[in-house]
2 protein chains.
Amino acid sequence: MVVRTDLSAADLDRLFHALADTTRRDIITRLLGGETTSVSGIASRYDMSFAAVQKHVAVLEEAGLVTKHPRGREKLVRGNPERLARARQLLQQLEHLWASRFRQLDALLAEPRPPKE
Amino acid sequence: MVVRTDLSAADLDRLFHALADTTRRDIITRLLGGETTSVSGIASRYDMSFAAVQKHVAVLEEAGLVTKHPRGREKLVRGNPERLARARQLLQQLEHLWASRFRQLDALLAEPRPPKE
DNA sequence: AGTACGTACAACCATGTGGTTGCAGGTTAA
DNA sequence: TTAACCTGCAACCACATGGTTGTACGTACT
């Protein structure tokens with residue numbers, strides 16, 4: 001199954017922003033590593049208030065890196081590696097762009113294109 | 001040659017933060033795509049002040065995604081795909097973490113075979 | 001020489017971010 | 001029912017961010 005949901009620029013902003021925090025990267029690391037736990041279960045591992053951790057989880061959720069599933073009075077948090085893969089694919093595309101520079105250089109030498117868009 | 005410079009948590013924060021902005025992603029896309037241009041050359045493509053673009057380039061530079069090389073009165077900006085690869089590797093590690101969950105499950109359910117790869 | 005260009009940096013402003021505390025509502029356990 | 005727990009949200013604070021304008025300085029062009 002190949003899910004091909006295009007992410008908007010704002011989606012990517014949110015995605016990379018969510019990854020740009022040590023605590024949040026640590027949270028998704030634990031989640032992807034096998035932990036299936038509640039928000040307070042996550043919060044118990046960090047030396048900050050519950051509300052602070054809850055906000056971090058909310059940021060991860062809005063970025064699509066994490067999903068919440070109610071179980072009784074708590075909500076289990078689960079990692080979503082598909083969004084992670086999307087971010088990785090974008091970086092990979094950029095790297096590929098670099099690799100293909102030299103091919104494009106050949107094309108430029110043969111047939112220069114108009115420089116402005 | 002494998003360059004193995006470990007990035008600190010703060011380095012990764014800076015790296016992903018630099019990627020969490022549409023304008024900055026656009027800049028590195030153009031740079032990796034083959035453009036070798038000055039700061040003002042970059043700025044001319046965006047509908048914002050030169051100083052704003054200059055700040056974006058500074059953020060990219062502090063994240064290590066870009067390097068500046070003086071040529072006369074201008075500074076040529078060059079993309080650094082190595083830092084990009086570092087970010088991608090981290091995401092890949094996280095995905096691998098997720099994948100290994102199921103490999104561990106397989107190992108539990110199946111006869112212990114010599115693991116491929 | 002003088003002028004125009006490229007870059008850097010400071011000051012400023014509005015908004016966002018990461019943290020706190022406190023409160024309210026739903027769920028489970030005694 | 002009552003108490004304890006889990007979650008969410010609002011208000012607040014200090015600081016960072018993304019934008020602006022203005023200034024300063026070195027380099028290049030004529």
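Order of the sequence lines fixes the chain letters, A, B, ..., with proteins taken first and strands second; residue numbering starts at 1 for each chain.
- Residue A/H17 has no polar side-chain atom (N or O) positioned under 4.0 Å from OP1 or OP2 of D/dG18.
- Residue B/F50 contributes atom CZ, which lies 16 Å from atom C1' of D/dG18 at whole-angstrom precision.
- Phosphate contact (OP1/OP2 of D/dG18, side-chain N/O of B/R24, threshold under 4.0 Å): present.
- Distance CD (B/E74) to C1' (D/dG26): 13 Å, rounded to an integer number of Å.
- Atom CZ in B/F16 sits about 22 Å away from atom P in D/dA16, given to the nearest Å.
- Distance CD (B/E61) to P (C/dT7): 12 Å, rounded to an integer number of Å.
- Of the two residues contacting DNA chain C, namely A/A51 and A/A20, the nearest-nucleotide position lying further toward the 5' end is that of A/A20.
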Discussion item. Evaluate A/R25 against B/F16 for side chain to side chain contact (heavy atoms under 4.5 Å, CB included), listing each step before the verdict.
Written reply: CA-CA 11 Å; A/R25 283 196 306 276; B/F16 283 110; 4.1 Å; yes
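- Summarising the geometry, the separation between NE2 on B/H56 and P on C/dA8 is reported as 15 Å, rounded to the nearest angstrom.
- A/T29 places a side-chain heavy atom less than 4.5 Å from the side chain of B/L94.
- Whole-Å rounding puts the B/L60 CG to D/dT17 P distance at 13 Å.
- Put simply, the residue from B/H96, B/R88, B/Q89 that forms a side chain to side chain donor-acceptor pair (under 3.5 Å) with B/Q92 is B/R88.
- The side chain of B/R73 lies closest to D/dG26 when the candidates are D/dG26, D/dG19, D/dT7.
- When side chains are defined from C-beta on, B/L60 does not count as touching B/L31, because their heavy atoms never get closer than 4.5 Å.
- Between B/L84 and B/N80, the closest side-chain pair of non-hydrogen atoms is not below 4.5 Å.
- In this structure, CG of B/D21 is placed 10 Å from C1' of D/dT17, rounded to the nearest angstrom.
- Among the protein residues, B/K55 comes within range of the nucleic acid bases, having at least one heavy atom under 4.0 Å from a base atom.
- At the phosphate of C/dT7, OP1 or OP2 sits under 4.0 Å from a side-chain N or O atom of B/S40.
- Here A/S38 lies in heavy-atom contact (under 4.0 Å) with sugar-phosphate atoms only.
- One can place NE2 of B/H69 at 17 Å from C1' of C/dG6, the figure rounded to the nearest angstrom.
- Distances shown here put every side-chain N or O of B/Q54 at or beyond 4.0 Å from the OP1 or OP2 atom of C/dT7.
- Using a 4.0 Å cut-off, no side-chain N or O of B/K68 falls inside it from OP1 or OP2 of C/dT7.
- Map B/K75 and A/M48 each onto its nearest nucleotide of DNA chain C; the residue landing nearer the 5' end is B/K75.
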